[in-house]
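Below: one structure, written as structure tokens.
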Amino acid sequence: MVYLWAILAFGGLVVLLSLVLIIAEKVLINYGICKLDINVGEKPLEVDGGQTLLQSLFANQIFIPSACGGKGSCGHCKIVVTEGGGPLLPTETPYLTRKEQKSNVRLACQVKVREDIYVRIPSDLLSVKMFTSTVSISETMTYDIKLIRLKIDGDEKISQRPGQYIQIQAPSPDGPVFRAYSISSPTYEDDSVEMMVRLVPGGIGSTFLHELNVGDEVIFTGPYGEFYLNDDPETEIICVGGGCGLAPMKNIIFSIYDKWPDRSCWLFFGCRGTGDIFYLKEFKELAKKHPNLHVVYALSEPEEGADWSGETGFVHLPVDKMLEPDLERQAFLCGPPLMIEAVTRVLEDKGIASDDIFYDKF
Ligand SMILES: Cc1cc2nc3c(=O)[nH]c(=O)nc-3n(C[C@H](O)[C@H](O)[C@H](O)COP(=O)(O)OP(=O)(O)OC[C@H]3O[C@@H](n4cnc5c(N)ncnc54)[C@H](O)[C@@H]3O)c2cc1C
Ligand code: FES
């Protein structure tokens, strides 16, 4: 009992001291104006010290991916800090490989600007923009997935690569937050973006999007993402999605067939029961026009007596069963982490190099 009280008292003291330090830093310490240099003089800025690097960049219209909204729990906000970032923090290390740590990669949401700071940001990210838009479609796809289309206001256009995502701004009690959603509309539709959003009970971003009506205003930034589609039409494309991971696959597949009508492409989509199936009819229609598109849906838990004659089991099983080994291929995977890991193992066994397997886990 004495030990328990001692531990509780010690814990309480640590929390109290941390709070005092945070408040003291906010109230008493003035870091003044600091220099924020991007890409060795390409974009020299002056920012108020004391904010995180992510906030300072955002205030200057430089939008770094931040799927968790700066909470330090997604690992998406990586940038290289060559000088002035202070020591690596324990909150960053779980998201950085040894190689990244050695190369001065940091999480922008964890690094505070306390002195002049020098960073390197890829040109792709420097061209990310903020858009205002209006909901033009809000349509129920399944019991928990909605398709939402945002028409970009005015004459602005978005230039995206297949498989990229945007970050929508949603209101929260602590101020606006951003959440990532894959773009499901193809690249040639550049005046709007479409998303497929699964409702997470109590979730800020997904609830906000599910409650939107046609005509509502939405702010978003983008496009983001590391997917690069190989331009060689002889390279076969493998798309594997689970849940809302179908969204980027729709973008990739429709963009491909707009450009290369005969390209070989496989779509594997894994869902639980028949109630989770969506967009199958549309993909089957596309496959009638483009016979080199192969569409395979797999149900992991089909209901008893369900009207289903397709594949069953987790989606990596049909991937393993149907793909011949050792072809020239590139693969795009989106869905839950376990699905990504299982499918990646299968694809590597089939001879696809890890550099040719792109994925987003969510
Ligand atoms: C690159 C990328 C692309 C994405 N694309 C899509 C997409 O196309 N469609 C889509 O619907 N989502 C997508 N997501 C996920 C999306 O960004 C949000 O994480 C998701 O909508 C939950 O956000 P929220 O604000 O509603 O929930 P939050 O307010 O962040 O979380 C609320 C609670 O739910 C829990 N929670 C959070 N996420 C999940 C989850 N997935 N399942 C169960 N519990 C959860 C949290 O732990 C928390 O307790 C993507 C994520 C990334 C990183
Ligand atoms: S924004 Fe998510 S870890 Fe930095």
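Start at 1 and go down the list; that is how both ligands and their atoms are numbered.
For the residues C74, G335, A180, S182, the heavy atom positioned nearest atom 16 (C) of ligand 1 is part of A180. Counting only non-hydrogen atoms, the option in Q167, Q164, K146, R198 that gets closest to atom 41 (N) of ligand 1 is R198.
Using modelled atom types and a 3.5 Å distance limit, the side chains of Y181 and S184 yield no donor-acceptor pair. Counting only N and O atoms by type, the side chains of E194 and S185 include no donor and acceptor under 3.5 Å apart. Defined by atom type and a distance below 3.5 Å, a donor-acceptor pair is missing between the side-chain atoms of N213 and S138. In summary, the side chains of E328 and N230 do not present any donor paired with an acceptor at a separation below 3.5 Å, with no hydrogens or angles considered. Checking T93 against Q101 by side-chain atom types alone, no donor-acceptor pair falls below 3.5 Å. For the residue pair D48 / Y31, no side-chain donor-acceptor distance below 3.5 Å is found, with atom types taken as modelled. At a cut-off of 3.5 Å, with distance as the only test, a side-chain donor of E217 or T134 sits close to an acceptor on the other residue.
Using a 4.0 Å cutoff on heavy atoms, M196 counts as a contact of ligand 1.
One N or O on the side chain of T82 and one on the backbone of Y118 form a donor-acceptor pair closer than 3.5 Å.
Atom 53 (C) of ligand 1 has as its closest protein heavy atom H76 CE1, 3.5 Å. For atom 27 (O) of ligand 1, the nearest protein heavy atom (residue, atom name, distance) is G203 CA, 3.2 Å. Protein heavy atom at the shortest distance from atom 26 (O) of ligand 1 is S206 OG, 2.6 Å. Atom 19 (O) of ligand 1 has R179 CD, 4.5 Å as its closest protein atom, hydrogens excluded (heavy atom only). The nearest protein atom to atom 33 (C) of ligand 1, hydrogens excluded, is given as V200 CG1, 4.4 Å; this is a heavy-atom distance.
Atom numbering of ligand 1 starts at 1 in the shown order; those under 4.0 Å from a heavy atom of V197 are 11 (O). Near C244, the atoms of ligand 1 lying under 4.0 angstrom from a non-hydrogen atom of the residue are 9 (N), 10 (C), 11 (O).
Counting non-hydrogen atoms of neighbouring residues, nucleotides and ligands closer than 6.0 angstrom, the CD atom of E226 reaches no more than 12 such neighbours.
Across W266, F269, F268, a single residue satisfies ring-ring contact (aromatic ring centres under 6.0 Å, His included) together with Y297, and that is F269. The residue from L199, I145, I168 that alone fulfils the side chain to side chain contact (heavy atoms under 4.5 Å, CB included) condition with S206 is L199.
In this structure, atom 30 (O) of ligand 1 has a protein heavy-atom contact shorter than 4.0 Å. In this structure, atom 49 (O) of ligand 1 has its sub-4.0 angstrom surroundings free of protein heavy atoms. The presence of a protein heavy atom under 4.0 Å from atom 13 (C) of ligand 1 is confirmed. For atom 46 (C) of ligand 1, the nearest protein heavy atom lies 4.0 Å away or farther.
In F362, the part holding a heavy atom less than 4.0 Å from any atom of ligand 1 is the side chain. Residue I204 touches ligand 1 through backbone and side chain together, judged by heavy-atom distances below 4.0 Å.
Any N or O atom pair closer than 3.5 Å counts here, and G205 shares at least one such pair with ligand 1. At under 3.5 Å, a nitrogen or oxygen of Y181, whether backbone or side chain, sits near a nitrogen or oxygen of ligand 1. For ligand 1, the polar-atom distance check against Y165 finds no nitrogen or oxygen pair separated by under 3.5 Å.
Between F314 and M339 there is no side-chain heavy-atom pair separated by less than 4.5 Å. Contact of the Q160 side chain with the N251 side chain is registered, since non-hydrogen atoms from C-beta on lie closer than 4.5 Å. By the 4.5 Å heavy-atom criterion applied to side chains, N292 and R263 are not counted as neighbours.
Inside a sphere of radius 2.8 Å centred on atom 2 (Fe) of ligand 2, the protein N/O/S atoms present are C68 SG, C74 SG.
Within the 6.0 Å centre-distance limit, the rings of F58 and F178 are counted as a close aromatic pair.
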